[in-house]
Amino acid sequence: MSYMRQIALPDPDATAALARALAPRLRAGDALLLRGDLGAGKTHFARALLQALPGPAGSGSETVPSPTFTLVQLYERDLGPVWHFDLYRLRQHEEVWELGWEEALAGLVLVEWPERLGPLLPAGALSLTFAATSDGGRRVTLAGDETWNERLADLRLDD
């Protein structure tokens, strides 16, 4: 059985709360695929997640820039390296190898615009699809394989 859940995110604070709730459930080797249109909340979620992950002193207050122009940003956290990719400008999926993709898969990987990976999508990844709602909020659909069932069974935004 695979994992799927939809969560309403009425405002940016709810998106950040989702990131904080998800952070302690992640480990090295995980990949989060952040999907959605421009402005859907992918980068806001990634920033909140990076700030919620335990790490070096002051990491919760560090600046977390969007990797739109650099394509990848690397952060050190207690669980190991966290690689934040924004593949919007990638022309061919093979280009991701030049960004350290193979090494990144040993750490925690956050990928905005994962469809640019083509056949290189990591197995076992958790996909988060952000979509705007008619009331101005967002909805996120979390989807993954059965390994996420137990890890996310008690996921609540007020964690």
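FYI, side chains are in, hydrogens and waters are out, and symmetry mates aren't considered; it's all heavy atoms of this structure. All values derive from a computational prediction rather than experimental measurement. Residue numbers run from 1 in the order of the sequence given.
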Query raised in the report: Are a donor atom and an acceptor atom from the side chains of Glu146 and Ser2 found within less than 3.5 Å of each other?
Result: no
Query - Closest contact, heavy atoms only, Ala8 versus Leu157 - result: O-CD1, 4.3 Å
Requested in this report: Report yes if some heavy atom in the side chain of Leu152 is under 4.5 Å from a heavy atom in the side chain of Leu142; otherwise report no.
Outcome: yes
**Report entry** Within 6.0 angstrom of Glu94 CD, more than 12 heavy atoms from elsewhere
**Finding:** yes
Report task. In plain terms, say whether Asp13 and Arg20 are close enough for a salt bridge, that is, a side-chain N and a carboxylate O under 4.0 Å apart. Result -> no
Report task. Check the pair Trp148 / Asp30 against side-chain contact (heavy atoms from CB on, under 4.5 Å), numbers first and verdict last. Result -> CA-CA 11 Å; Trp148 291 99; Asp30 284 343; 3.8 Å; yes
Query - Leu120/Trp97 under side-chain contact (heavy atoms from CB on, under 4.5 Å): CA gap, chis, key distance, verdict - result: CA-CA 10 Å; Leu120 301 177; Trp97 296 115; 3.6 Å; yes
Query raised in the report: Is there a side-chain contact between Arg5 and Ile7 (heavy atoms, below 4.5 Å)?
Result: yes
Report summary line: Closest heavy-atom pair, His93 versus Gly118, reported as atoms and distance to 0.1 Å, is CB-N, 4.1 Å
Query raised in the report: Hey, any chance Trp101 and Leu74 share a hydrophobic cluster, counting ILVMFWY side chains that come within less than 4.5 Å of each other, even indirectly?
Result: yes
Query - Side chain to side chain, Leu117 and Leu87, heavy atoms closer than 4.5 Å - result: yes
Report task. Take Trp113 and Phe85 through the ring-ring contact (aromatic ring centres under 6.0 Å, His included) test and state the conclusion after the steps. Result -> CA-CA 8 Å; Trp113 304 99; Phe85 290 87; over 10 Å; no
**Report entry** Contact summary for Ala28 and Ala106, nearest pair of heavy atoms
**Finding:** CB-O, 3.6 Å
**Report entry** Pairwise side-chain contact, Pro122 with Leu105, heavy-atom cut-off 4.5 Å (strictly under)
**Finding:** yes
Report summary line: Correct closest heavy-atom pair for Pro114 and Leu121 would be O-CD2, 3.6 Å
Query raised in the report: Under 3.5 Å, is there a donor-acceptor pair linking the side chains of Arg138 and Thr133?
Result: no
**Report entry** Value rounded to 0.5 Å, distance of OG1 in Thr15 from CZ in Phe130
**Finding:** 6.0 Å
Report task. Answer yes or no: is there a side-chain heavy-atom contact under 4.5 Å between Trp83 and Glu103? Result -> yes
Query raised in the report: Salt bridge between Lys42 and Asp37, side-chain N to carboxylate O under 4.0 Å?
Result: no
**Report entry** Beyond-backbone contact of Glu112 with Arg35, side-chain heavy atoms, under 4.5 angstrom
**Finding:** no
Query - Side chain Arg151, main chain Thr147, donor-acceptor under 3.5 Å - result: no
Query raised in the report: Is there side-chain contact between Glu76 and Pro81, with at least one heavy-atom pair below 4.5 Å?
Result: yes
Query - Check: His84 side chain, Val109 main-chain N or O, donor-acceptor pair, under 3.5 Å - result: no
Query raised in the report: So, Glu95 side chain and Gln92 main chain: donor-acceptor pair closer than 3.5 Å or not?
Result: yes
Query raised in the report: Given Asp86 and Arg116, is the salt bridge (Lys or Arg N to Asp or Glu O under 4.0 Å) satisfied, shown in steps?
Result: CA-CA 10 Å; Asp86 184 326; Arg116 303 284 205 274; over 6 Å; no
Report task. Evaluate the criterion side-chain contact (heavy atoms from CB on, under 4.5 Å) for residue pair Leu108 and Leu79; output intermediate values, then yes/no. Result -> CA-CA 8 Å; Leu108 174 61; Leu79 60 75; 3.9 Å; yes
Query raised in the report: What are the two closest non-hydrogen atoms of Phe45 and Leu22, and how far apart are they?
Result: CZ-CD2, 3.8 Å
Query - Inter-residue atom distance Leu49.CG - Leu18.CG, 0.5 Å rounding - result: 9.0 Å
Requested in this report: Go through the steps to decide whether Val82 and Leu26 satisfy the test side-chain contact (heavy atoms from CB on, under 4.5 Å), and finish with yes or no.
Outcome: CA-CA 11 Å; Val82 179; Leu26 300 175; over 6 Å; no
Query raised in the report: Within a strict 4.5 Å, meaning less than it, do heavy atoms of the Thr129 and Val140 side chains meet?
Result: no
